[in-house]
*Asks:* 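Have a look at this one.
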Amino acid sequence: MKKTLPALALIGLFATPAAAADTLSDAVKADMPSLLTIYRDLHANPELSFEEVKSAAKMAAEAKKAGFEVTTGVGKTGVVAVMKNGPGPVVLLRADMDALPLVEQTGVPYASKVKALTREGAETGVMHACGHDTHMTAWIGTARRMAAMKSQWSGTLVMVGQPAEEIGSGARAMLDDGLYTRFPKPSTVIAFHDSAALPAGVIGYADGYTMANVDTVDLTIKGLGGHGAYPHLAKDPIVLAARVVTALQTLVAREVDPLESGVVTVGSFIGGTKHNIIPDEVKLQLTVRSYTPEVRKTLLDGIIRIAKGEAIAAGMPENRMPEMKLKDGITPATFNTQPVTNTITSAFAARFGKDRVRQLRAQMGGEDFSQFWLADKDNIQSLLFWVGGVPQAKWDAAGGDVTKLPSIHSPFWAPDPDTTIATATEAMVTAALAVLDKK
Ligand SMILES: [Zn+2]
Ligand SMILES: [Zn+2]
């Protein structure tokens, strides 16, 4: 708002602001046939988390061609492409590269037929059902434009191809492999995610918290097994676990401030082998979501407290108390900071028009993009925005009711690649220029 509009950053000696704005749109439009060829190739050849070897090689080759200094194999399969262009801030632009273990059912001509083994060793189809192929393609489009527009910005651009977002580990792996020590450390980090809840070409963002803390919790409810006919000789963990599941519902309803947000979902309840056997234990698998550290603590402390309390109520002996384990480490909440969120979204409004830029509510999904900010949150500004991908005709047919449309992670999710990638490329360039603006 207070900042110079990004269009102004594009003004050449002889151009008016309107003509300058068109220059970027026109350049992206002219590049779309090439970008769509890349997109269809990436879409047809998806790779699972930490296996993004071919995808990374394609991004690295394109960035090199555009004039970036490229390093591969950062955090296993990550790509870092650096362009130093005079004094000024360091801006990191991220695209994640991994696909999901799903059999694609979109029916598009370039649909994936790839098969692979999951981390658990099961055979599966592989599909870009989260749209990370649109992220990679727009990343390439952005690298090309930023290289072509070098005379219009000053600073350093660090473009990152991140592995393994879907398992919440890739950003951490890149940081642990020296992303902020071997390469210029950013003062601003920016990423976008395609959205199945916005029509193609519309940009969305939240102010402040934008994605949630994600904790994956294993809860073991112990009992004392025995014959189903003699329950008085056993301690039944099935009945106890059922009570625990019900009591856990009071955590968000009764213990979290009604103006805060949290989720406790028991997604899996595994126990027993046969009708007439009381088992020894029941295993519960939970996903726990929050934004603030305080709510997160209330939920995690509450889960084990309730489980133990119910075990005591059931008369379980001291050595058969429930056990809780956090799996895979937390994916921390993603936070859009000020003033960069204002600066960039004002630049979006100036470029795309207010109708195409919408402030939305935060989501309870998770995103490890947060790690790039948390690595030094007092000195780094951060923005993650959404770029709508739903083909306009499908959006209209559903009357804008997203419950009638496939969500991301659905085998039917097929974004409109042309509009999504063109908008995302223009938006990423606009965002970078808003920070790297030549004063
Ligand atoms: Zn995903
Ligand atoms: Zn994703």
Side-chain angles (χ1 to χ4, degrees), residues 6 9-10 12 20 22-43 45 52-75 77-97 132-163 174 179 182-184 186 188-192 351 372 387 417-418 420-438:
L10 311 181
D22 288 338
T23 307
L24 175 57
S25 305
D26 290 348
V28 172
K29 213 172 280 168
D31 202 16
M32 281 316 293
S34 160
L35 291 177
L36 286 173
T37 303
I38 291 169
Y39 169 76
R40 287 189 284 263
D41 176 42
L42 289 168
H43 188 87
N45 296 288
E52 310 91 335
V53 178
K54 285 183 277 173
S55 308
K58 287 167 196 166
M59 292 170 79
E62 289 294 337
K64 216 172 271 173
K65 225 190 284 170
F68 284 75
E69 205 175 294
V70 179
T71 309
T72 54
V74 182
T77 46
V79 180
V80 182
V82 178
M83 184 170 280
K84 290 183 181 153
N85 188 30
V90 179
V91 171
L92 181 151
L93 302 181
R94 184 214 64 169
D96 39 4
M97 308 186 289
H132 297 180
D133 46 356
T134 65
H135 304 180
M136 289 188 277
T137 312
W139 185 97
I140 291 167
T142 303
R144 290 175 175 177
R145 292 280 65 73
M146 290 304 288
M149 296 166 77
K150 253 180 126 169
S151 64
Q152 294 163 44
W153 57 274
S154 186
T156 299
L157 194 57
V158 180
M159 299 202 56
V160 166
Q162 183 209 303
M174 291 191 83
L179 181 63
R182 291 163 57 196
F183 306 96
T188 303
V189 298
I190 304 167
F192 81 94
R351 163 159 294 276
F372 296 119
V387 175
D418 199 338
T420 309
I421 292 163
T423 306
T425 303
E426 234 181 290
M428 286 298 261
V429 171
T430 302
L433 290 178
V435 181
L436 297 168
D437 195 2
K438 233 182 187 176

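In this text, all values refer to a predicted model and were calculated from it rather than measured experimentally.
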*Asks:* Given side chains that start at C-beta, do those of V74 and F183 come closer than 4.5 Å, heavy atoms only?
*Replies:*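 A side-chain contact exists here, since the closest heavy-atom pair is under 4.5 Å.
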*Asks:* What are the two closest heavy atoms between F68 and A147, and how far apart are they?
*Replies:*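 Heavy atoms of F68 and A147 come nearest at CE1-CB, 4.5 Å.
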*Asks:* Just so I know, are the side chains of K150 and M83 near enough to count as touching, which here means a heavy-atom distance under 4.5 Å?
*Replies:* yes
*Asks:* Rounded to the nearest 0.5 Å, what separation is found between the OG1 atom of T37 and the CG atom of L42?
*Replies:*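 Here the rounded value is 11.0 Å.
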*Asks:* What heavy-atom pair brings P163 and G75 nearest, and what distance separates the two atoms?
*Replies:* CG-O, 3.5 Å
*Asks:* Could you tell me the separation between the CG atom of L433 and the CE atom of M146, rounded to the nearest 0.5 Å?
*Replies:*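 It comes to 4.5 Å.
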*Asks:* Considering only heavy atoms from C-beta outward, does the side chain of E62 approach that of K65 to under 4.5 Å?
*Replies:* yes
*Asks:* Sequence neighbours left out, what passes side-chain hydrogen bond (donor to acceptor under 3.5 Å, both in side chains) with N85? Give chain and number order.
*Replies:*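 For N85 there are no side-chain hydrogen bond (donor to acceptor under 3.5 Å, both in side chains) partners, ignoring immediate neighbours.
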*Asks:* Can you measure from CE (M174) to CZ (F372) and round to the nearest 0.5 angstrom?
*Replies:* 6.0 Å
*Asks:* At what distance, to the nearest 0.5 angstrom, does OG1 of T188 lie from CG of L93?
*Replies:* 10.0 Å
*Asks:* Considering residues at least two apart in sequence or located in another chain, which fulfil the side-chain hydrogen bond (donor to acceptor under 3.5 Å, both in side chains) criterion with T420?
*Replies:* none
*Asks:* Taking all non-hydrogen atoms of both residues into account, name the closest pair between M59 and G161 and its distance.
*Replies:* CE-CA, 3.9 Å
*Asks:* Do L179 and L92 have side chains that get closer than 4.5 Å, going by heavy atoms?
*Replies:* yes
*Asks:* Please identify each residue that fulfils side-chain hydrogen bond (donor to acceptor under 3.5 Å, both in side chains) with T423, with sequence neighbours left out.
*Replies:* R356
*Asks:* Are the side chains of N45 and K58 in contact, using a 4.5 Å heavy-atom criterion?
*Replies:* yes
*Asks:* Among pairs that include at least one residue of residues 81-94, which meet salt bridge (charged side-chain N to carboxylate O under 4.0 Å, His left out), considering only residues two or more places apart or in two chains?
*Replies:* R94-D96, R94-E367, R94-D368
*Asks:* Begin with the C-alpha distance, continue with both residues' side-chain angles, and end with the deciding distance and a verdict on side-chain contact (heavy atoms from CB on, under 4.5 Å) for M149 and L24.
*Replies:* CA-CA 9 Å; M149 296 166 77; L24 175 57; 4.1 Å; yes
*Asks:* Quick one: are P417 and R40 in side-chain contact, heavy atoms under 4.5 Å?
*Replies:* no
*Asks:* Do any N or O atoms from the side chain of K29 and from the backbone of A422 form a donor-acceptor pair under 3.5 angstrom?
*Replies:*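 No.
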*Asks:* State the CG-CD1 distance between D31 and I140, to the nearest 0.5 angstrom.
*Replies:* 10.0 Å
*Asks:* Search all heavy atoms of T425 against all heavy atoms of A138 and return the closest pair with its distance.
*Replies:*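 For T425 and A138, the tightest heavy-atom pair comes out as OG1-CA, 3.4 Å.
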*Asks:* Would you compute the distance between atom CE of M32 and atom OH of Y39 and round it to the nearest 0.5 angstrom?
*Replies:* 10.5 Å
*Asks:* Would you say that P184 contacts T156 through its side chain, given a criterion of any heavy-atom pair below 4.5 Å between the two side chains?
*Replies:* yes
*Asks:* What residues form a side-chain contact (heavy atoms from CB on, under 4.5 Å) with A56, not counting sequence neighbours?
*Replies:*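 Applying side-chain contact (heavy atoms from CB on, under 4.5 Å) to A56 gives V79, M97.
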*Asks:* What pair of heavy atoms forms the shortest contact from P89 to S154, and how long is it?
*Replies:* CD-O, 4.0 Å
*Asks:* Between A27 and R145, what is the shortest heavy-atom contact and its length?
*Replies:*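 Taking A27 first and R145 second, the nearest heavy atoms are CB-NE, 3.5 Å.
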*Asks:* Under the rule for side-chain hydrogen bond (donor to acceptor under 3.5 Å, both in side chains), what residues qualify as partners of S34, not counting sequence neighbours?
*Replies:*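 Listed in chain order: R144.
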